[in-house]
Amino acid sequence: MKTIEIESTIAIYYPETVLAYAQIINTAVNCCTKSDLREGLEQLKTDTDAHDFFDWGFGKNHFWLKQRTGYKASELFNNRVLIIKFQ
């Protein structure tokens, strides 16, 4: 089981930001386990440029998502966009 919590809005500096966000959300909603999400996000990195707009990572029982300050920027906005908690 998972809980998806949206914590902040995204800044839409590029039209592609919205598509990247939707791809990440769809991947998250369609996964059942943390490993499913990990695999889905690896596929996104290969097939899309979602990772060029967002950065993400995993904790012991959660996934976090932050937005990059620009396309392919290494800097991230301070606020987390969302967190997914796995039980």
Requested in this report: Could you tell me which residues satisfy ring pair (Phe, Tyr, Trp, His ring centres under 6.0 Å) with Phe77, sequence neighbours excluded, listed by chain and number?
Outcome: none
Query - Interatomic distance, Lys60 atom NZ to Lys34 atom NZ [nearest 0.5 angstrom] - result: 9.0 Å
**Report entry** Check: Thr17 and Gln67 side chains under 4.5 Å, non-hydrogen atoms
**Finding:** yes
Query raised in the report: Do Ile83 and Ile6 share a hydrophobic cluster, counting only Ile, Leu, Val, Met, Phe, Trp and Tyr and linking them when any side-chain heavy atoms are less than 4.5 Å apart?
Result: no
Requested in this report: Calculate, to the nearest 0.5 Å, the distance between atoms CG and SG belonging to Leu37 and Cys32 respectively.
Outcome: 11.0 Å
Query raised in the report: Under the ring pair (Phe, Tyr, Trp, His ring centres under 6.0 Å) test, which residues partner Tyr21, sequence neighbours left out?
Result: Phe54
Side chains of residues 38-46: which donor-acceptor partners sit under 3.5 Å, not counting sequence neighbours?
unit_1 : atom_1 : unit_2 : atom_2 : d
Gln43  : NE2    : Asp47  : OD1    : 3.3
Gln43  : NE2    : Asp47  : OD2    : 2.6
Thr46  : OG1    : Glu42  : O      : 3.1

Query - His62 backbone acceptor or donor facing Lys2 side chain under 3.5 Å - result: no
Report summary line: For Lys66 and Asn78 the tightest heavy-atom approach is NZ-O, 3.1 Å
Query - Joint cluster assignment, Trp64 & Ile4, ILVMFWY side-chain distance < 4.5 Å - result: no
Report task. Could you go through the side-chain contact (heavy atoms from CB on, under 4.5 Å) check for Thr3 and Phe86 one step at a time? Result -> CA-CA 7 Å; Thr3 304; Phe86 294 93; over 6 Å; no
Query raised in the report: Can you hop from Val29 to Met1 via hydrophobic side chains spaced under 4.5 Å?
Result: no
Requested in this report: Under the ring pair (Phe, Tyr, Trp, His ring centres under 6.0 Å) rule, collect the residues that match up with Tyr13, sequence neighbours excluded.
Outcome: none
**Report entry** Minimal non-hydrogen separation, Ala50 against Ala20, with atom names
**Finding:** CA-CB, 3.6 Å
Query raised in the report: Does some side-chain heavy atom of Phe63 sit less than 4.5 Å from a side-chain heavy atom of Leu65?
Result: yes
Query - Partners meeting salt bridge (Lys or Arg N to Asp or Glu O under 4.0 Å) with Asp55 (sequence neighbours left out) - result: Arg68
Query raised in the report: Are any of the side-chain heavy atoms of Phe53 and Glu16 separated by less than 4.5 Å?
Result: yes
Query raised in the report: From Ile10 CD1 over to Asn79 CG, what is the distance, rounded to the nearest 0.5 angstrom?
Result: 13.5 Å
**Report entry** From CA spacing to verdict: side-chain contact (heavy atoms from CB on, under 4.5 Å), Ile25, Thr27
**Finding:** CA-CA 5 Å; Ile25 294 292; Thr27 300; over 6 Å; no
Query raised in the report: Can you get from Tyr71 to Leu76 by hopping between Ile, Leu, Val, Met, Phe, Trp and Tyr side chains that sit under 4.5 Å apart?
Result: no
Query - Joint cluster assignment, Val18 & Ile24, ILVMFWY side-chain distance < 4.5 Å - result: yes
Query raised in the report: Which heavy atom in Ala73 sits nearest to a heavy atom in Thr69, and how many Å separate them?
Result: CB-OG1, 3.6 Å
**Report entry** Qualifying salt bridge (charged side-chain N to carboxylate O under 4.0 Å, His left out) pairs with a residue from residues 72-87, counting only residues at least two apart or across chains
**Finding:** Glu5-Lys85, Glu7-Arg80
